[in-house]
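So that the names make sense, note that chain A is the first sequence line, chain B the second, and so on, each numbered from 1.
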Amino acid sequence: MRRPKKYQSGEGTQYITRKQALRKLQLSLNDFRRLCIVKGIYPREPKHRRRAQRGSTDIKILYHTKDIKFLLHEPIVWTLRDYKIFARKTGRDRAIRDFKNLKRRINAFPELKIDHIVKERYPTFIDAIKDLDDCLTLLFLFSTFPSLKLIPRSQSILCRRLTIEFLHAIIAGKCLRKVFISIKGYYFQADIKGQKVTWIVPHYYPFQPQSKSEVDFKIMSIFVEFYAIMLGFVNFRLYHSLNLVYPPQFPAGLMQDSEETLSNESAFVSDRIAALNVDLMKSGESTVEEEEEDIDLELLNDESNPEKMQKLRQEAMEIKKLKTLFKGLKFFISREVPREPLVVIIRSFGGKVSWDKTMFPGATFDEHDTTITHQIVDRPSLEDKHISRDYVQPQWVFDSVNQRTLLPVNKYFIGVVLPPHLSPFVDPDRDTYIPPEEKALRDPSLIETKEDSDVEISDEEEEKKEENLDAQLEKAYQDEIADASADEAEKQENNEEEEDTNDPEKKRLKEKKKMAVVSGKPHKENKRLQHKAAIEEHKLQARMVKPRHRGLFRKLIRDQQVKEKEAWLLKKKRKNIEASEKEARKQKKREERRKMLGRA
Amino acid sequence: MTGKLKGAKRKASEIIDEKKRPPNKAEEVSEESENENNLLNGVNNEENDTTDDEGVDELFTSDDDDELSFVSDEEGNYEHVGNISDESGEGSGSEVDSLEEGEEEESDGEDADSESEEAEEESDGNDNEESQREEKVVQNLKNIKISKQNKKKEAAGPSEAPAVDKVVARPDKSAASTSSGFQEYGEDDPDTSDEEDIRNTVGNIPMHWYDEYKHIGYDWEAKKIIKPAQGDQIDDFLKKIEDPNFWRTVKDPQTGQQVVLSEADIDVIKRINTGRVPDGSYNQYEPWIEWFTSEVEKMPIKNIPTHKRSFLPSQSDKKMVSRMVHALKMGWMKTARELKEEKKKGSGPSFYMMWETDTGREDIRRIHDHVAAPKRDLPGHAESYNPPPEYLFDDKEMKEWEKMKDEPHKRKLHFLPQKYSSLREVPAYSRYARERFLRCLDLYLCPRAKRMKLNIDAEYLIPKLPSPRDLQPFPIVQSLVYEGHTDIVRSISVEPKGEYLVSGSDDMTVKIWEIATARCIRTIHTGDIVRCVAWCPNSKLSIIAVASGNRVLLINSKVGDSLLVKKTDDLLAEAPPNDMLESDRIKTAVQWETPKKQEYELGVRIVITHFKPVRQVTWHGRGDYLATVMPEGANRSALIHQLSKRRTQIPFSKSKGLIQCVLFHPVKPCFFVATQHNIRIYDLVKQELIKKLLSGSKWISNMAIHPKGDNLLVSTYDKKMLWFDLDLSTKPYQTMRLHKNAVRCVAYHLRYPLFASGGDDHAVIVSHGMVYNDLLQNPLIVPLKKLETHEKVAEFGVLDVVWHPVQPWVFSSAADKTIRLYT
């Protein structure tokens, strides 16, 4: 038997470097990149890099040989080659000014068909939903882009169309669960078919000219090319499962891409928002019944685990409540408020929304409509107010959704300093620092009373101090009197003592009297010492960790310590801030009082 | 159209001709002497100009052969061209007929004008047409000139009259022949030249070739044309004076005749000189007549009935249309509108139901061993636009943030937390596009692999051991301190019965203590550093072996039972008869001596003097044998002394390394020798190596053997303690890193399953070491208690630990000059 040479079997043959792959596929690096992005091929991390690289130790980009062979059979490789030919031929036509031929060729531009790749990459619909996060975030970004050299207008229009369609599906399906205003943008989390899909909608206006080294829009554009197709198919299925007509029909004048909307960015945006405030056509009967059945099924499952079942039931009830959170409420959005996220949120929880008719298209009712329950305002003050409605800041909507109830509006009035906006995505049972606001949300009764009592105590203290200041003289006088009386008493005592010493018998008797059965003290274990001993013991046992686990153990301990330290630091910071705030408040109050006194 | 135009030209020239004739005679009469030179110059210039024009002509006419020939003719033969003009003039009558196509007779000038206008209107035509038109314009000009030449000729004089007649006669013929129309005339131009009368037939040659001859070529009948008499300068001058027509007389280069220009010619020349239209009768500013109006004429202009085919639809067209209709019906062909719509529609992707069910999957070739990209982390409170105040950076954190500017990946957060008082104020995040881009890069460029992520608690890694509470008794607290030594206490040992303690120190003394009271009973000065003390394990003897410098002293403790003390004294009093002959190797290494009187009184009974400093001394279990270690002794570094025979053996002939310590097996006749790295076990009876234990450590410090003899505990200077199970393997069963510094000593308890260790970290660690009788069950080792009461002095910590033989008490001696008892 012939002995196999080194690297002719095993890991050495499993991987192929990028350079080799390019040679094998006979593609340029750009085409290869495009192919990889569209097909979802990525480099692999080998188990033993040196072996996989056939002995060389420098880090190379390694692909799985099977992946590259897979690419070899891909029909779009031919389209990519056709592109090359197209570029060459049109270039020639242009050079010899053969415009007739050029026109013909441009008409016959080889289209890149990637439908089959969507199906290949996402075998099931659920797989596609699982991978929707990046897709949505990127498309939402691109839907706001102006026409760029590398990003054709048609692409951003397609992105806009698809994202609006998706948002409509979210609104119709009532699957939005969590929302969050971050400094980066608005986070939305929806529950589609049991999968959590999170996406970010950037704050306006995200486009800034970037250098190529910072951001290469070409690469992003290739991603968008694929993701747009994917989202289209996902939308199609979502619409069908919601009994909606796809593609959705918008009323005349919306989403028509007229000259005005394309040239004017704000018109473009308001057109988009107006399209969101439209009810879509249904193709069949309502789907409410199905949903209820779903919940019942969930409850019927899992009889064995009552605790889990209880939890599930509670969750289901909460979600049911959340879906109709804004039902029957009418919102009016002032013009300074960013409307897009609010429209999506309010509409997906059953509310009705409108805005200034004169400023933007798509308004459904007037500002002076008396049935409006809430007006969302983001300015320090407002001239004419209606009594019949609540004026709230936009954060109220977000916090209410995250809390799954309509929060009291008093903390969110116009011009009020808002309470902190907390992320709904943090794990409630985590072992790191939890800010007091979050604790209050979990258990509101506990914290609020404590705070109140704090304030009261401080007030009392202050009053006491004031009294002290006022009645210093009086007290001093009283002290003097007390001292004088004390002196007299001492003198008397001294006399008594003298008498005692004189009579030893009496003394002995007295001692006898002093002898008594004293109740024994229970042995108290020093808690601190005990704790210390326990720690020592633990430390000693920790030294028995197996040598092969020692590194890991140390790392875990270190991580834990870092976490603890961070939590401690945050706690300390909070404490300091609160103390300084309290001090400032006190100072203010004191000054006010002083002023009052001065006046009086 | 061209025909018409040409016709117009012809007419114009004809008019000129007609007008020209009568004045010709009149001009002969009229005399003007002035301006003649100027005019002549003008004519000459004119000639030059014409040549120029010709050049231009050639440029334009190069496309058309016919025109070319026409021009070439023109160059030499004015007559010929003149003929043409004449011809046209004659044929004008027929031309009028040819104009029947629908145009009424108008004034010729107007006609030409309108034509040119129209031509201009149709300027969108292609180049050819344009060039043709230009040609025509040039021709116009030429014709004018030619006619002028004719006039000259005619004015030449009566001598030319026959020729002129002929000229006139000829066109009559041609007029009849060319009645068909203009076009023929234009095209047949070169042909007509054959019929023309050419007075001079020499052809197109430079006329100066005839300068030397009397004649100037030949006429039609091949007769010489004689040059007219050439006057000299005086004649010219006289002529100038006499002839009033001199200024308008021009020499015909062809015939050499003098030609007198008519009034009309002069008028034309003047006009040309001033840049006006040469024809005086031509009105440039005719009123505009719209020939082709938008109004539809009701009556046909022509009287001819329309042809049949104008009523019948074309068969071929019908066929073509029906074919197209069929194609449209079948969908092979599309209308322009349909095409446009289709293009608009086809520009976007089309979607359909790709997945019929939520979870159903189709079997197609897919990527091998797919690793899904991990999702991005969800945001925490710090990322909020309005976070709780503690998440915002304070000055210190801000400074740190700034410091990490060059290596942003090391920052704890990838963004700077910020607080905005209202949503309205939140700006766009500047790094948003960059973050998305980085994610894209990660997705296609980052190598992926499936890795098991350990999600365990640190507690999980600590082996499950019984709680120390369940393993009592063991020493917990320090109960006594034995103070008295003035230097570090290197070694301690307990009396087998557990009443007394002996200690050896660097202050050159050995002290015997009563354990219960911590009282020093005796102090023995040895005169050298005491490195090791060892109480004889035989409880029937009260001997302490002390390694002090080079000597090993066997000391009677003189404490405890007085009978025992006496018995010991008796035993050590006299040396047994030494019948064995000792070798030199031993003699040079060891001498058994009796102590001096002074020492004897202190209790020293026997002195064994070694050739090198003794580091360790250890007893065999029965108390008869005694082993000593001299690390510097090379191959004689380990010695075994027999007390009863006062004899010394050197067990090893070869050095196997730097011996650290030795040990007797408690039961078997085995001897343990620890070198720096390994431990060798020798059978003393068979005198052979049984086993070699591999410690894997750098430097062994001490070792202790379990009282049952199956387990060995080794301490090393590299912080480790090794538990060897002698039945199991040559490698340690368990390695313990309990100490934070070098471990110096270990000791087993004789009865309890306890062992203790002391190290340079000033701590004594008591552990539970249970050895089971069942061979299949491994020993259980549990660290119990760390006793840290020794004071920290220099770099040395605890130097020796010893267990009480009966009680679970442990003694430790340390560099802080004390001995401590823990109970």
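Using a 4.5 Å cut-off on side-chain heavy atoms (C-beta onward), B/Trp723 and B/Pro779 make contact. No side-chain heavy atom of A/Arg237 sits under 4.5 Å from any side-chain heavy atom of B/Met354.
Of the atoms belonging to A/Arg430, it is side-chain heavy atoms, and not backbone ones, that fall under 4.5 Å from chain B. Of the two parts of B/Ser421, only the backbone, made up of N, CA, C and O, holds a non-hydrogen atom closer than 4.5 Å to a non-hydrogen atom of chain A. Both the backbone and the side chain of B/Leu445 come within less than 4.5 Å of a heavy atom in chain A. Of the two parts of B/Leu416, only the backbone, made up of N, CA, C and O, holds a non-hydrogen atom closer than 4.5 Å to a non-hydrogen atom of chain A. Heavy atoms closer than 4.5 Å to chain B are found nowhere in A/Leu71, neither backbone nor side chain. For B/Pro783, the parts lying under 4.5 angstrom from a heavy atom of chain A are both the backbone and the side chain. Residue contact with chain B, scored on non-hydrogen atoms closer than 4.5 Å, involves the side chain of A/Ile577 exclusively. Both the backbone and the side chain of B/Asp394 come within contact range of chain A, each with at least one heavy atom under 4.5 Å from a heavy atom of that chain. Neither the backbone nor the side chain of A/Lys572 comes within contact range of chain B, judged by heavy atoms closer than 4.5 Å. Contacts of A/Thr198 with chain B are made by side-chain atoms alone, with heavy-atom separations under 4.5 Å and no backbone atom involved. Interface residue A/Phe70: backbone and side-chain heavy atoms are both found under 4.5 Å from chain B. The part of B/Phe415 that comes within reach of chain A is its side chain, from C-beta onward, which places non-hydrogen atoms under 4.5 angstrom from that chain. Heavy-atom distances place both the backbone and the side chain of A/Tyr433 under 4.5 Å from chain B. Residue A/Ile59: no heavy atom, backbone or side chain, is found under 4.5 Å from chain B. Using a 4.5 Å cut-off between heavy atoms, A/Val417 does not touch chain B at all. Residue A/Glu120 touches chain B through both its backbone and its side chain, counting heavy-atom pairs closer than 4.5 Å. With a threshold of 4.5 angstrom between heavy atoms, A/Phe233 approaches chain B through its backbone and through its side chain. Interface residue B/Arg451: only side-chain heavy atoms are found under 4.5 Å from chain A. Of the two parts of B/Lys450, neither the backbone nor the side chain holds a non-hydrogen atom closer than 4.5 Å to a non-hydrogen atom of chain A. For A/Phe553, the parts sitting under 4.5 Å from any heavy atom of chain B are the backbone and the side chain alike. In this structure, no portion of A/Pro247 lies under 4.5 Å from any heavy atom of chain B. For a residue to count as touching a neighbouring chain, one of its non-hydrogen atoms must lie under 4.5 Å from one of that chain's; by this rule A/Pro338 touches chain B with the side chain only.
Interface check for chain B: of the options A/Lys47, A/Arg161, A/His538, A/His73, the most heavy-atom pairs under 4.5 Å are formed by A/His538. Note on A/Leu540, A/Leu552, A/Asn235: by heavy-atom pairs under 4.5 Å with chain B, the leading option is A/Leu540. Of all the listed residues (A/Glu336, A/Glu438, A/Glu111), the one sharing the greatest number of non-hydrogen pairs under 4.5 Å with chain B is A/Glu438. When the candidates A/Gln393, A/Arg379, A/Met220, A/His549 are compared by the number of heavy-atom contacts under 4.5 Å with chain B, A/Met220 comes out ahead. For the set A/Tyr122, A/Phe180, A/Tyr246, the count of heavy-atom pairs under 4.5 angstrom toward chain B peaks at A/Phe180. Interface summary for chain A: among B/Glu356, B/Arg365, B/Gln734, B/Arg361, the most heavy-atom pairs under 4.5 angstrom belong to B/Arg365. Among the candidates B/Ser384, B/Gly360, B/Ala449, the residue making the largest number of heavy-atom pairs closer than 4.5 Å to chain A is B/Ser384. Top candidate by heavy-atom pairs under 4.5 Å with chain A, chosen from B/Leu465, B/Thr357, B/Ile765, is B/Thr357. Per-residue counts of heavy-atom pairs under 4.5 Å with chain A were compared for B/Val782, B/Asp369, B/Leu392; the largest is that of B/Asp369. Contact count versus chain A (heavy atoms, under 4.5 Å) is highest, among B/Gln418, B/Lys419, B/Arg431, B/Arg439, for B/Arg439. Between chain A and the residues B/Glu459, B/Met736, B/Glu425, the largest count of heavy-atom pairs under 4.5 Å involves B/Glu459. Chain B forms more heavy-atom pairs under 4.5 Å with one residue of A/Asp67, A/Asn107, A/Ile200, A/Ile181 than with any other, namely A/Ile181.
Just one residue in the list B/Leu713, B/Leu471, B/Val746, B/Leu738 forms a side chain to side chain contact (heavy atoms under 4.5 Å, CB included) with B/Ser767, and that residue is B/Leu738.
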*Please test B/Arg376 against A/Thr137 for side chain to side chain contact (heavy atoms under 4.5 Å, CB included), starting from the C-alpha separation and ending with a verdict.*
CA-CA 11 Å; B/Arg376 302 229 60 172; A/Thr137 308; over 6 Å; no
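Ion pairing between a basic and an acidic side chain is recognised when a charged N comes within 4.0 Å of a carboxylate O; B/Lys740 and B/Asp760 show no such pairing. With respect to the salt-bridge test (charged N to carboxylate O, under 4.0 angstrom), the residues B/Lys396 and B/Glu400 do not qualify. With salt bridges taken as basic N to acidic carboxylate O contacts below 4.0 Å, none links B/Lys786 and A/Glu537. Using a 4.0 Å cut-off between charged nitrogen and carboxylate oxygen, A/Lys573 and B/Glu397 count as a salt-bridge pair. Using a cut-off of 4.0 Å between Lys/Arg side-chain N and Asp/Glu carboxylate O, A/Lys69 and A/Glu74 are scored as not salt-bridged. Between A/Lys119 and A/Asp115 no salt bridge is recorded (no basic side-chain N to carboxylate O distance below 4.0 Å). The pair B/Asp718-B/Lys698 does not count as a salt bridge, with every side-chain nitrogen at least 4.0 angstrom from each carboxylate oxygen.
Ring geometry for A/Phe145 versus A/Phe142: interplanar angle of 30 to 60°, hence tilted.
Using modelled atom types and a 3.5 Å distance limit, the side chains of A/Asp127 and A/Thr124 yield a donor-acceptor pair. Inspection of the B/Glu383 and A/Tyr187 side chains reveals an N or O donor paired with an N or O acceptor under 3.5 Å.
Atom CZ of residue A/Phe223 and atom CD1 of residue A/Ile37 lie 4.5 Å apart, to the nearest 0.5 angstrom. Between atom OG1 of residue A/Thr65 and atom CZ of residue A/Arg44 there is a gap of 10.5 Å, rounded to the nearest 0.5 Å.
Of the possible donor and acceptor atoms, none in the side chain of A/Arg34 sits under 3.5 Å from a partner among the backbone N and O of A/Ile219.
Contact detail for A/Leu141 and B/Ala433: the closest heavy-atom pair is CD2-CA, 4.4 Å. Nearest heavy atom pair, residue A/Leu62 against residue A/Arg49, reads CD1-NH1, 4.0 Å.
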